[in-house]
There are 2 protein chains.
Amino acid sequence: MTEKQQSIVNSALKLFADKGFDAVPTSAIAKDAGVSEGLIFRHFQNKVGLLNAIMQMGKEKIADNVSEILALNTPEARVTAIMEIPFYIAEEDYPFWKLVYSLKWQNDYYDDEMSKPMKDILISALVEMKYIDAESEADLILSYLDGFATTILLKGEVVDKNKLLQTLRKKYK
Amino acid sequence: MTEKQQSIVNSALKLFADKGFDAVPTSAIAKDAGVSEGLIFRHFQNKVGLLNAIMQMGKEKIADNVSEILALNTPEARVTAIMEIPFYIAEEDYPFWKLVYSLKWQNDYYDDEMSKPMKDILISALVEMKYIDAESEADLILSYLDGFATTILLKGEVVDKNKLLQTLRKKYK
DNA sequence: ATATTAAGTGAGTAATTACTTATTATTTAG
DNA sequence: CTAAATAATAAGTAATTACTCACTTAATAT
């Protein structure tokens, strides 16, 4: 990855997250990145190729999180760790997650694989915890997750994250 | 509203919900609606005007829901009614809600007013129920709401809605 | 009946879009 | 040190886009 390649990825991620993939022309990306428009196509073939490269890089980061959670000893610890993920998304990762969530709603580019590993961990942890219907419970928790992520990513500073997290923990004691 | 006007709105809503506002050209809307492209601009001024008209119509429908919930006697009934909203979205309203949720992620068109009335009802109900921190609790519930709506609208038939609803109710007894 | 307004069309248009190509600068390898 | 490979650019291009305009058709009011 050259410096300019990285610059393209950074700008594209920022703009895609902000305005949506389809609303951002490659000319705007090039301008923001301070490179010629042609360079985008030299390195990423086409606009979707650029999107895929961004998603790929994000997925690799996620893989790290997954293995961290898997390293936790008890199934309880693993479940709560997953439930609290949205509260600990680093500010620098906001654009990536915003992009992921915005793409969910656009038929053409949606990639379902994203939440699959989390669901697998959840189910096996819940089975270990003797839940009767582990899959429904996992779906419930994943729904919560989507909701918290949405609130935190969109409302940002408007909502008091700590208070929200406290309220959630009280409920799940 | 003439027949063709309605046809334009129907096609636009369907396509916007499916592919995202920016990904749908007015030419595609006209084609799908079986009208000339010019007619869109005659009736709605511009593409954003068409979007606004769709949102306005949706908001009026929501207003009906809000007054139905307000009519419930106990605060408990009002809170649970709100929490279960996503499970009772009519199939025909899916496109509208998909559009609302997809627009949330696009800086330019997002309209926050949508969830405001629901939050107000929630807070006053929770205050009535003597909750210490009604606003945090309301934010928590609204986060759930977003999560359930996301799951139901996107996964559709993949997730067992009834089982999920059951699991939710058990948790909130 | 006729005049006025509104609904609807179809062929434009200027600007923008994703992408290409010919060319030049910069690395890297032997 | 030089040649081959790669990085980068600038100036295109064909297709598409949102929107306009001159016009025809249908509805409504007097």
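So that the names make sense, note that chain A is the first sequence line, chain B the second, and so on, each numbered from 1. Keep in mind the model is a prediction, meaning the values are calculated, not measured.
Across B:R169, B:R78, B:K161, a single residue satisfies salt bridge (Lys or Arg N to Asp or Glu O under 4.0 Å) together with B:E84, and that is B:R169.
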All N/O donor-acceptor pairs, side-chain side in residues 12-26 of chain A, below 3.5 Å, sequence neighbours left out:
residue	atom	partner	partner atom	Å
A:K14	NZ	A:D32	OD1	3.3
A:K14	NZ	A:D32	OD2	3.0
A:D18	OD1	B:N107	ND2	3.4
A:D18	OD2	B:N107	ND2	3.2
A:D22	OD1	A:Y109	OH	3.0
A:D22	OD2	A:Q106	NE2	2.5
A:T26	OG1	A:E37	OE2	2.7

Please table the atom pairs, donor to acceptor, closer than 3.5 Å between any side-chain atom in residues 121-130 of chain A and protein atoms at least two apart or in another chain.
residue	atom	partner	partner atom	Å
A:S124	OG	A:D120	O	3.3
A:S124	OG	A:I121	O	3.1

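The distance from atom CG of B:L50 to atom C1' of D:dC19 is 14 Å, rounded to the nearest whole Å.
Shown for residues 20-42 of chain A: residues whose heavy atoms fall under 4.0 angstrom of DNA chain D, namely A:V35, A:S36, A:G38, A:L39, A:R42. A heavy atom lying under 4.0 Å from DNA chain C marks the following residues of residues 2-19 of chain B, by number: B:T2, B:K4.
Classification of A:E137 and B:K170 as a salt-bridged pair fails, no side-chain N sitting under 4.0 Å from a carboxylate O. Under a 4.0 Å N-O distance rule, the pair B:D139/A:K163 does not qualify as a salt bridge.
Every residue was checked against the salt bridge (Lys or Arg N to Asp or Glu O under 4.0 Å) condition with A:E3, not counting sequence neighbours, and none meets it.
For residues 140-152 of chain B, every residue pair satisfying the side-chain hydrogen bond (donor to acceptor under 3.5 Å, both in side chains) rule, not counting sequence neighbours, is listed here: A:S143-B:T151, A:T151-B:S143, B:Y101-B:D146, B:K104-B:D146, B:Y144-B:Y172.
Within the 4.0 Å cut-off from OP1 or OP2 of D:dA8, at least one side-chain nitrogen or oxygen of A:H43 is found.
In this structure a side-chain-to-backbone donor-acceptor pair under 3.5 Å is missing from B:S136 to B:D133.
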